[in-house]
Enquirer: 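Got a structure for you, written out below as structure tokens; questions coming shortly.
Lettering follows sequence order; numbering is per chain, from 1. This structure is a prediction, so every number in the text was calculated from the model and none was measured.
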2 protein chains.
Amino acid sequence: MKRNTWQRSAVRTALDDQEAFVSAQQLHLQLRKDGTGIGLATVYRALADLASIGEADTLQSEEGEALYRACSTGKHHHHLICRECGATVEFEANDIEEWAKRVAREHGFSNPEHVVDVFGVCAKCSKLK
Amino acid sequence: MKRNTWQRSAVRTALDDQEAFVSAQQLHLQLRKDGTGIGLATVYRALADLASIGEADTLQSEEGEALYRACSTGKHHHHLICRECGATVEFEANDIEEWAKRVAREHGFSNPEHVVDVFGVCAKCSKLK
DNA sequence: TCACTTATTGACAATGATTATCAATAGCGA
DNA sequence: TCGCTATTGATAATCATTGTCAATAAGTGA
Ligand SMILES: [Zn+2]
Ligand SMILES: [Zn+2]
Ligand SMILES: [Zn+2]
Ligand SMILES: [Zn+2]
């Protein structure tokens, strides 16, 4: 059965504290700074677990690095992400859900899924220019 | 200035022959099978070039691998991709373009870009079950 | 055609993220 | 508390991608 370890809750907490999407490496660094002696492999495992049970969202950075984020809702949603600071806004978009299904159906594709993310520069980062 | 080498045209041709998104590694393997002695680094470089001038589209696989595809049009478009065989359908969706811009604007984000891909199982692959 | 300049190539090393190993540790049920 | 075994973490292994650099060859002008 699944056991409760301080490592797992530490990862969950550290992820909750992040406003932006972060990599396993970044989170590990943060956890070390916080004084925990948690191992890198454990952070990878904990993040993979959180993602698999739907408690964390994941996406690939432009460079192919896996990024994670604790999302406020378990419901399916999308992200608007700042390219500068990583600040992220969550939102739902029923039009998109319907649209994706329709596009798949119209071309004979079944079991549709979709990757929909919007990137930009947030208001705060725009001012700093 | 940019020089024309048989390596670059070989990569372009090999990519044109692919129906699906392929990785640099896969394309290199194919080119070797075809009898060319092209180097792996050269394939990576050629693909990066093609992508930068807009003659190839790129996306990250689920595992974070960079995949490339020669697209039929230089215009901005999106993809419907079969999870089984990789077969890809290109399509435009003006609704999505407008929607993405609007979402960014509504949250104070500037210079919006977006990643929109739909995945599913194509009709051909569905039958094979 | 011919030499010359230098962009390009390719074998190989280096990087960097992620995963596999495996002995030691520590939940948790009995 | 005891025992079983899931979990951990240091480390090695994997694998895609990029950097290095001497050798090669594309393009240019004589
Ligand atoms: Zn920002
Ligand atoms: Zn959606
Ligand atoms: Zn298919
Ligand atoms: Zn678009």
Enquirer: To the nearest Å, how far apart are A/Asp49 CG and D/dT7 P?
Expert: 8 Å
Enquirer: Starting at CG of B/Leu31 and ending at C1' of C/dG10, how long is that distance when rounded to a whole Å?
Expert: 14 Å
Enquirer: Can you find a donor-acceptor N/O pair under 3.5 angstrom joining the side chain of B/Arg45 to the base of D/dG19?
Expert: no
Enquirer: Report the distance from atom CG of B/Leu27 to atom P of D/dA16, rounded to the nearest whole Å.
Expert: 14 Å
Enquirer: With nearest nucleotide decided by heavy atoms, which residue, B/Glu65 or A/Arg32, maps closer to the 5′ end of DNA chain D?
Expert: A/Arg32
Enquirer: Roughly, in whole Å, what's the span from OH in B/Tyr68 to C1' in D/dA16?
Expert: 11 Å
Enquirer: So, does B/Arg3 get its side chain near the phosphate of C/dT6, meaning an N or O under 4.0 Å from OP1 or OP2?
Expert: no
Enquirer: B/Leu47 and side chain to side chain contact (heavy atoms under 4.5 Å, CB included): which single residue from B/Val22, B/Thr58, B/Leu27, B/Leu67 fits?
Expert: B/Leu27
Enquirer: Which one, D/dG9, D/dT7, C/dT8, comes nearest to the side chain of B/Arg8?
Expert: C/dT8
Enquirer: Return no unless some side-chain N or O of A/Thr5 is found under 4.0 Å from OP1 or OP2 of D/dA6.
Expert: no
Enquirer: Compare the minimum distances between each of D/dT17, C/dT18, D/dG9 and the side chain of A/Gln25, then state the nucleotide with the smallest one.
Expert: C/dT18
Enquirer: Look at the side chain of B/Trp6 and decide which nucleotide, out of D/dG9, C/dG10, C/dT9, has an atom nearest to it.
Expert: C/dG10
Enquirer: Do A/Glu90 and A/Ser72 have side-chain atoms, one donor and one acceptor, less than 3.5 Å apart?
Expert: yes
Enquirer: Using atom NZ of B/Lys2 as one end and atom P of C/dT8 as the other, report the distance to the nearest whole Å.
Expert: 7 Å
Enquirer: Side chain of B/Thr42 only, please: which of D/dT17, C/dT9, D/dG27 is the nearest?
Expert: C/dT9
Enquirer: Using whole Å, report how far CD of A/Glu62 lies from C1' of C/dA17.
Expert: 17 Å
Enquirer: Send over the distance from A/Gln26 CD to C/dT18 P, rounded to a whole Å.
Expert: 10 Å
Enquirer: What is the separation between atom CD on B/Glu63 and atom P on D/dT14, rounded to the nearest whole Å?
Expert: 19 Å
Enquirer: Given that B/Gln7 and A/Tyr44 both sit by DNA chain C, which one's nearest nucleotide is further toward the 5' end?
Expert: B/Gln7
Enquirer: With nearest nucleotide decided by heavy atoms, which residue, B/Ala41 or A/Ala46, maps closer to the 5′ end of DNA chain D?
Expert: A/Ala46
Enquirer: Ignoring hydrogens and angles, tell me if any N or O in the side chain of A/Arg83 forms a donor-acceptor pair with the backbone of B/Asn111 under 3.5 Å.
Expert: yes
Enquirer: Does any N or O in the side chain of A/Glu92 come within less than 3.5 Å of the main-chain N or O of A/His76, such that one atom is a donor and the other an acceptor?
Expert: no
Enquirer: Side chain of B/Gln60, backbone of A/Glu62: donor and acceptor closer than 3.5 Å?
Expert: yes
